[in-house]
Amino acid sequence: MTDAPLKMFNSLTRELEPFTPVHPGEARVYTCGPTVYNYPHIGNMRAYVFADVLGRTLSWKGYKLTHVINITDVGHLTDDADAGEDKMERMAAAQKQSIWDIAEHYKQVFWADVRALGIRQPAQWTVATDYVPQMIDFAKGIADKHCYELESGLYFDVSTVVDYGRLARAVTEDGEGRIDSVEGKRNAADFAIWRKTPPGETRQMEWDSPWGRGAPGWHLECSVMSGEVLGFPFDIHTGGIDHREIHHPNEIAQNQAHCCTNGLDDPKNSGAKIWMHNNFLVERSGRMSKSSGEFLRLQLLIDRGYHPLAYRLMCLQAHYRSELEFSWEGLGAALTRLKRMVMAVGPLADVAAQPEAEHQKFAPVLAKFDAAMADDLNTAVALTALDEALAVKKVDAGIKRAVIEDMDAVLGLDLFGLTRETLRIRPKAATITEAEIDTALARRKEARAAKDFAASDAIRDELVAAGIEVMDGDPLGWDWKLG
Ligand code: AMP
Ligand code: ZN
């Protein structure tokens with residue numbers, strides 16, 4: 001059941017809008033991808049879980065999806081507003097490695113996280129350095145009317161487009177939040193679309209252009225890759241909420257200049273009909289960062305014994321537009337919920353799904369699920385519909401399996417792939433093997449049967465010392481967990 005009309009929140013209009021595709025029957029989506037200079041943190045990965053759920057929902061609703069995610073391997077500065085160094089160049093210098101090796105390494109790291117989180121492969125990963133000639137062409141096309149050259153590069157004059165900054169709802173005059181570090185800029189918000197290599201320097205990544213040797217600006221990259229692959233206007237552009245402030249307003253300005261179109265009262269003049277932004281994952285202490293405190297990589301969660309899909313579930317339990325606070329307790333609760341789900345599908349493991357059969361008993365939960373996803377991807381409510389479907393009793397198992405598979409196609413929790421065994425991940429620090437745990441638990445069972453509680457308690461203490469918590473009478477039937 002997929003009849004509920006899909007609506008989503010457009011950051012450009014700040015309103016819920018019906019999804020009406022540019023090309024009938026199709027959905028074309030562009031997602032701003034990672035800058036591959038470092039490990040992604042789990043906050044970054046929230047952005048791709050969100051984009052994945054969006055893509056899955058569009059497919060589920062019957063649209064032919066073309067999803068593009070880019071890989072930024074050049075041009076992203078340490079400050080979004082045109083200040084600082086290229087993140088890639090800086091990391092390469094710090095690690096005394098070639099920038100190309102750094103890019104390749106962190107791209108693979110990112111893709112491993114993508115796979116672990118059940119994020120589907122997009123139709124295309126566009127890599128910025130593969131599109132430099134197109135970027136130069138794009139810049140040439142808008143240079144005369146919209147840009148000016150300074151010693152350090154070619155700059156976009158934001159006063160040459162109508163409604164600059166509308167996406168951010170920014171007051172452009174004072175260029176709030178912009179670092180006006182470049183002498184000669186006409187407006188504080190003007191940004192480089194081509195950064196010239198300073199005289200006497202060579203960068204590891206640089207190309208010839210009409211404005212001298214140098215490298216493209218980060219904003220230019222996304223305008224070019226999205227337009228090249230999806231064509232303007234396309235349906236949906238996504239990114240994290242920080243991109244609503246600088247990166248996406250700048251992409252929009254370039255797109256307006258490129259398409260020779262006018263104001264943003266018609267959202268599609270921005271290059272995309274709908275702009276969607278996920279809110280941040282935050283730490284209790286504040287914003288998530290790659291440099292301060294505990295660096296929350298997906299691998300750290302796994303090292304501590306949490307299955308990556310528990311993190312995916314944690315993301316889905318919140319609305320994508322709400323801030324989500326990370327805590328280990330919250331992650332633990334998500335893991336328990338995922339275990340319960342996997343236990344509940346256990347009896348359906350060997351059943352053949354009957355997708356065509358009538359499933360009247362499931363009609364209300366399917367309608368609830370559909371309405372929730374259609375309502376700006378309300379995954380939190382959709383999950384409760386999934387729970388209700390899992391709890392339906394006295395139904396044909398094949399029908400039940402088909403219903404759960406259908407819901408999981410949208411949520412991506414891999415409920416039929418996971419098992420009790422694969423969900424239980426050994427923390428890296430655990431000092432005991434599973435065989436040893438099993439032996440100890442068998443000995444403890446014997447001791448208890450013989451009413452030798454001192455021995456049974458001693459075995460329990462040994463296990464606790466080795467990081468294993470014994471869970472007598474655990475409702476999920478898990479008799480131990482890694483503490
Ligand atoms: P970056 O690699 O820095 O370009 O970021 C990749 C994506 O992660 C972008 O869409 C960001 O907007 C997004 N992002 C960054 N930090 C967070 C966070 N704490 N929570 C959610 N998304 C984030
Ligand atoms: Zn981008």
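Along the sequence shown, the residues carry numbers beginning at 1. Computed from heavy atoms alone, side chains included, the values below leave out hydrogens, waters and symmetry copies.
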Measure from the side-chain N and O atoms of [X] to the backbone N and O of [Y], and report whether any donor-acceptor pair falls under 3.5 Å.
X	Y	result
Asn10	Trp275	yes
Arg401	Leu348	yes
Asn279	Tyr320	no
His319	Asp376	yes
Asp235	Ala272	no
Asn269	Leu264	no
Thr72	Thr35	no
Arg56	Ala409	yes
Thr422	Leu418	no
Glu283	Phe326	no

Do Tyr155 and Trp211 make the cut of ring centroids closer than 6.0 angstrom?
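No, the ring centres sit 6.0 Å or more apart.
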Below 6.0 angstrom between ring centroids: does that apply to Trp218 and Phe191?
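Not under 6.0 Å, so no.
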Is the closest side-chain donor-acceptor distance between [X] and [Y] under 3.5 Å?
X	Y	value
Lys64	Ser59	no
His248	His243	no
Lys273	Thr20	yes
His67	Thr31	yes
Gln121	Arg115	no
Asn255	Glu251	no
Ser270	Arg166	no
Tyr164	Asn187	no

How long is the straight-line distance from [atom2] of [Y] back to [atom1] of [X], given to the nearest 0.5 Å?
X	Y	atom1	atom2	value
Tyr311	Leu117	OH	CG	7.5 Å
Leu154	Ser209	CG	OG	8.0 Å
Thr197	Met205	OG1	CE	12.5 Å
Leu12	His277	CG	NE2	9.5 Å
Trp194	Lys196	CH2	NZ	11.5 Å
Met225	Leu220	CE	CG	9.0 Å

Would you indicate whether the side-chain heavy atoms of [Y] and [X] approach each other to under 4.5 Å?
X	Y	answer
Leu377	Thr57	yes
Lys61	Leu58	no
Glu221	Val74	yes
Tyr131	Val229	yes

Is there a side chain to side chain contact (heavy atoms under 4.5 Å, CB included) between Phe138 and Ile193 once you walk through the steps?
CA-CA 10 Å; Phe138 187 110; Ile193 65 173; over 6 Å; no
Does this structure show an ion pair linking [X] with [Y], if we count only N-O contacts that are shorter than 4.0 Å?
X	Y	answer
Glu149	Arg195	no
Lys368	Glu388	yes
Arg340	Asp387	no
Asp414	Arg312	no
Asp375	Lys7	no
Asp190	Lys185	no

Sole candidate of Lys268, His237, Met8 that passes side-chain contact (heavy atoms from CB on, under 4.5 Å) when paired with Ile274:
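Looking at Lys268, His237, Met8, the match for Ile274 under the side-chain contact (heavy atoms from CB on, under 4.5 Å) is Met8.
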Establish, yes or no, whether the cationic atom of [X] lies under 6.0 Å from the six-membered ring centre of [Y] and within 45° of the ring axis.
X	Y	value
Arg297	Tyr39	yes
Arg213	Trp207	no
Arg287	Phe280	no
Arg14	Phe9	no

Search all heavy atoms of [X] against all heavy atoms of [Y] and return the closest pair with its distance.
X	Y	result
Ala103	Asp73	CB-CB, 4.0 Å
Pro24	Pro21	CA-CG, 4.4 Å
Glu405	Ala353	OE1-CB, 3.6 Å
Glu206	Arg203	OE1-N, 3.2 Å
Pro40	Asp113	CG-OD2, 3.6 Å
Leu309	Gly118	CD2-N, 4.1 Å

Residue pair Thr238, Cys32: steps toward the side chain to side chain contact (heavy atoms under 4.5 Å, CB included) verdict:
CA-CA 6 Å; Thr238 83; Cys32 279; over 6 Å; no
Does atom [atom1] of [X] have more than 12 heavy-atom neighbours from other groups under 6.0 Å away?
X	atom1	result
Arg321	CZ	yes
Gln108	CD	yes
Glu151	CD	no

Suppose we screen for ring pair (Phe, Tyr, Trp, His ring centres under 6.0 Å). Which residues come up paired with [X], at least two apart in sequence or across chains?
X	value
Tyr48	Phe110
His146	Phe156
His307	none

Let's go through Asn38 and Phe295 carefully: what are the C-alpha distance in whole Å and the side-chain angles of both, what is the deciding distance for side chain to side chain contact (heavy atoms under 4.5 Å, CB included) to 0.1 Å, and is it a yes or a no?
CA-CA 11 Å; Asn38 200 343; Phe295 183 176; 4.0 Å; yes
Carefully, step by step, assess Leu338 and Leu415 under the rule side chain to side chain contact (heavy atoms under 4.5 Å, CB included).
CA-CA 8 Å; Leu338 185 59; Leu415 293 181; 4.0 Å; yes
